[in-house]
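Read the structure below first, then the notes.
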Amino acid sequence: MRPFLIPLPRDVRYTGGTSVLRDECPVTVSDAPELPDEAYTLRIENGEVKIAASSEAGAFYARMTLEQIRAVCGGRCDDLVISDAPVLPYRGFLIDSCRHFYGTDELKRLIDAAARFKLNKFHWHLTDDQGWRIEIERYPLLTQVGAYRSNSRFGGVDEGTPHAGFFTKEQIGEIVAYCAERCIEVIPEIDMPGHFTAAVAAYPFLGCTGETVEPQQEEGIFPNVLCVGNDKAVSFVKDVLDEICELFPGRYIHIGGDETPRAHWRSCEKCTAEMNRLGLSDHDALQGVFIRGIASYLQQKGKTAITWNESLRGNCLSPQDVIVQRWMDRKKLCRDFAQAGGRLIESDFYHYYFDYPCGMTPLHKAFAFDPFRAQTPFGVEGALWTEYVRTFDDLCEKLFPRLFAVAERGWSGFPSRSGRDFRAAVLALLPTLQRLQIPTLPPSRWDPGAVARLRETKVFFKGVLTPELLRQARGL
Ligand code: ACM
Ligand code: ZN
């Protein structure tokens, strides 16, 4: 039998025989220094398996491919030689632990599944308006106050119960180690200067007004941003990042930079004085300079900052400063950044945001997206925000199998194969998700027809597009 695999390998050559893959069949692994990082060859002949790679990651991916072959072929497969390597070095998935919090056991299930499809970056969204989810020793109120909200009313649904939770340093270490064993780098996101209400709730001096606030209970974009004109507030951020850098051994730290309302900066003496001191003409530049400063601080610690595309608006960031993650933008800014040699991570809202129902972003639409259309990106990433995710099952059903589309683009490029063949591969690999206790929607709901799509999208937005949210979006 010839296996369906996800992502599609670069080259598969069938050599004529058939092998029975017993559980105890010999697997030999040899060093192949000529192969690039993450690349491998996998040879199955006469019931023997031979792997060659130059890195731990390459050998790991060969094993993941072998596991898929076993799962799909049930132990008997055509002899073959696979020569494989990824197209992109960054193949990520984002989990938002702030809006709805799930613990380490659930995360490990997601990480296990992602690793099997050769994703290699876990972007962990750990701070936001609705919750601060990581222990910081120097500032204990971040979790004592910022990790708790008394209710949740996302999409107009009153949950009527408090929501709380955060990861201790020990748990963070546990997840980092779990990922490392699966060749996944963890990229923490400490979102700033916007999406900062939970931090301001813990330490009111961080905001421009000094007022006392609570973590937010609804979705949206909120005014309680970091006061970037206050040296003490900026030092706070650096202290937090010092602890973050110690906890996360990877190269990248995400520093947010999205959806930052300007209202408080406009009326803040400190922020206005900072703008005058720097000779800046607008608040986009104020954000750009702030992000550049934080990125430079991280650079001195051997880290590279990633920021959402909004931070490009002030024209303050050069390709040496940051990596930019594109989700929704004024296209020219990202294009110019890339043309100047900047690295982009492609997370297009309309294709790679999996918090929206399949009616809005069907599997085939996610798969049809070409992240290479303007330029070759540095990476691709699928995002799972959790405002509207109230159970872990729902989270899984939203993320899978649509995340496979991202895994395939990042590893195999575009185009790789027809949507029909891709869907057949997804169906063949569904038992793998089931074994990992990852529930999915029934396949009939992955690609709804036009009427069902309209209905699903309407139902979803009925609760979501509140007048308040539209007002906030207009005010950005
Ligand atoms: C984002 O969705 N605000 C990055
Ligand atoms: Zn201020």
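In each ligand, atom 1 is the first atom listed, and ligand 1 is the first ligand listed. Just so it is clear, the values below take in all heavy atoms, side chains as well, and ignore hydrogens, waters and symmetry mates. On a predicted model such as this, the values are computed, not experimentally measured, just so you know.
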Check: How about H254 and W124: are their ring centres within less than 6.0 Å of each other?
Finding: no
Next item on the list: Return yes if a side-chain donor-acceptor contact under 3.5 Å exists between R409 and S416, otherwise no.
Entry: yes
Checklist line | For atom 3 (N) of ligand 1, the protein heavy atom that lies nearest, with its residue and separation | finding: D258 OD2, 2.7 Å
Item checked: Aromatic centroids of H195 and W132 separated by under 6.0 Å -> no
Notebook entry, point to check: ligand 1 and E259, any nitrogen or oxygen pair closer than 3.5 angstrom?
Noted result: yes
Can you list, pair by pair, the side-chain donor-acceptor contacts under 3.5 Å of residues 205-213, counting residues two or more places apart and other chains?
{"from": "T209", "atom 1": "OG1", "to": "E211", "atom 2": "N", "distance (Å)": "3.2"}
{"from": "T209", "atom 1": "OG1", "to": "E211", "atom 2": "OE2", "distance (Å)": "3.1"}

Note to self: For V234 and K238: C-alpha separation, side-chain torsions, deciding distance, then whether side chain to side chain contact (heavy atoms under 4.5 Å, CB included) applies.
What the structure shows: CA-CA 6 Å; V234 175; K238 291 179 179 170; 4.1 Å; yes
Notebook entry, point to check: Is the F367 ring parallel, tilted or perpendicular to the F422 ring (thresholds 30°, 60°)?
Noted result: parallel
Next item on the list: For Y353, take its heavy atoms, then give the atoms of ligand 1 lying under 4.0 Å from any of them.
Entry: 1 (C), 2 (O), 4 (C)
Next item on the list: Would you check whether H195 has a nitrogen or oxygen atom less than 3.5 angstrom from a nitrogen or oxygen atom of ligand 1?
Entry: no
Check: Parallel, tilted or perpendicular for Y356 and F349, by the 30°/60° rule?
Finding: perpendicular
Note to self: If we only look closer than 2.8 Å, how many protein N, O or S atoms does the Zn ion (ligand 2) have near it?
What the structure shows: 4
Checklist line | Distance-only polar pair, side chains of E219 and Y388, donor-acceptor under 3.5 Å | finding: yes
